[in-house]
**Q** 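One structure follows; several queries about it will come next.
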Amino acid sequence: LREIRQVTMKRHKSNEGLGFSIRGGSEHGVGIYVSLVEPGSLAEKQGLRIGDQIMKVNDKVFDKVTHAEAVKVRDLVRSLVLSAL
């Protein structure tokens with residue numbers, strides 16, 4: 001059984017990419033999953049893995065978010081604490 005892990009990422013510059021892509025969303029009837037982790041990226045360094053389900057970002061539960069909402073949170077928030085499964 002997989003355990004929920006906490007992954008913390010903090011941008012140093014507001015335009016800095018975190019190095020991961022996501023797929024899924026409530027409009028597809030599924031959660032938000034990591035579809036790509038760029039080698040050497042902040043996401044990889046912090047232990048995010050392809051296939052991880054993002055359960056929560058900061059205090060926002062990700063069980064019913066659309067893909068667009070999830071992308072907005074990922075791209076706009078300066079500091080992310082992800083709960084990943």
Side-chain angles (χ1 to χ4, degrees):
L1 212 86
R2 292 170 66 175
E3 285 189 16
I4 293 182
R5 308 182 321 280
Q6 271 210 341
V7 178
T8 304
M9 290 179 269
K10 192 174 175 66
R11 291 178 220 275
H12 298 291
K13 300 186 292 279
S14 58
N15 63 346
E16 181 182 15
L18 297 172
F20 73 99
S21 299
I22 52 177
R23 63 179 171 82
S26 59
E27 70 271 38
H28 305 294
V30 294
I32 299 292
Y33 291 87
V34 176
S35 58
L36 176 81
V37 177
E38 292 172 18
S41 67
L42 196 54
E44 185 190 56
K45 288 177 185 143
Q46 296 303 321
L48 203 61
R49 299 191 288 260
I50 292 172
D52 279 347
Q53 181 174 4
I54 298 175
M55 311 298 287
K56 197 170 151 185
V57 174
N58 298 343
D59 290 326
K60 185 169 178 62
V61 177
F62 261 43
D63 61 346
K64 291 185 175 66
V65 298
T66 64
H67 185 266
E69 287 171 327
V71 167
K72 200 158 125 183
V73 169
R74 181 200 63 190
D75 291 349
L76 295 180
V77 177
R78 180 147 190 150
S79 179
L80 286 80
V81 179
L82 275 71
S83 296
L85 183 64

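Each residue takes its place number in the sequence, starting with 1.
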**Q** Among all residues two or more places apart in sequence or in another chain, which pass the side-chain hydrogen bond (donor to acceptor under 3.5 Å, both in side chains) test with R11?
**A**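 If we apply the side-chain hydrogen bond (donor to acceptor under 3.5 Å, both in side chains) test to R11, skipping adjacent residues, there are no hits.
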
**Q** Counting N and O atoms only, with roles assigned by atom type, does the side chain of R74 sit under 3.5 Å from a partner on the main chain of L18, one being a donor and the other an acceptor?
**A**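 Judged by distance alone, no pair lies under 3.5 Å.
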
**Q** Is the backbone of H67 close enough, under 3.5 Å, to the side chain of E27 for a donor and an acceptor to pair up by distance?
**A**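 Yes, because the side chain of E27 sits within donor-acceptor range (under 3.5 Å) of the backbone of H67.
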
**Q** By the rule that ILVMFWY residues connect when side-chain heavy atoms come within less than 4.5 angstrom, directly or transitively, which residues belong alongside M55?
**A**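 Besides M55, the cluster holds I4, L85.
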
**Q** Counting only N and O atoms by type, is there a donor-acceptor contact under 3.5 Å from the side chain of R78 to the main-chain atoms of H12?
**A** yes

**Q** Write down the atom of V73, the atom of V57, and the distance for their closest heavy-atom approach.
**A** CG1-CG1, 3.7 Å

**Q** So, for G19 and S41, which heavy atoms are closest and what is the spacing to 0.1 Å?
**A** O-OG, 3.4 Å

**Q** Quick check for you: to the nearest 0.5 Å, what is the distance between D63 atom CG and K56 atom NZ?
**A**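 Separation between the atoms: 11.0 Å.
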
**Q** Check residues 32-40 and write down every donor-acceptor pair under 3.5 Å in which the side-chain atom is one partner and the other belongs to a residue at least two apart or another chain.
**A**
residue	atom	partner	partner atom	Å
Y33	OH	Q53	OE1	3.3
S35	OG	S21	O	3.4

**Q** Identify the two heavy atoms, one from A70 and one from I22, that lie closest to each other, and give their separation to 0.1 Å.
**A** CB-CD1, 3.6 Å

**Q** Honestly curious: do M9 and I50 fall in one hydrophobic cluster under the side-chain, below-4.5 Å linking rule?
**A**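 Both belong to a single hydrophobic cluster.
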
**Q** Short question: side chain of E69, backbone of V65 - any donor-acceptor pair under 3.5 Å?
**A** no

**Q** Looking at every non-hydrogen atom in both residues, tell me the closest pair between I54 and F62 and how far apart they are.
**A** O-CB, 3.4 Å

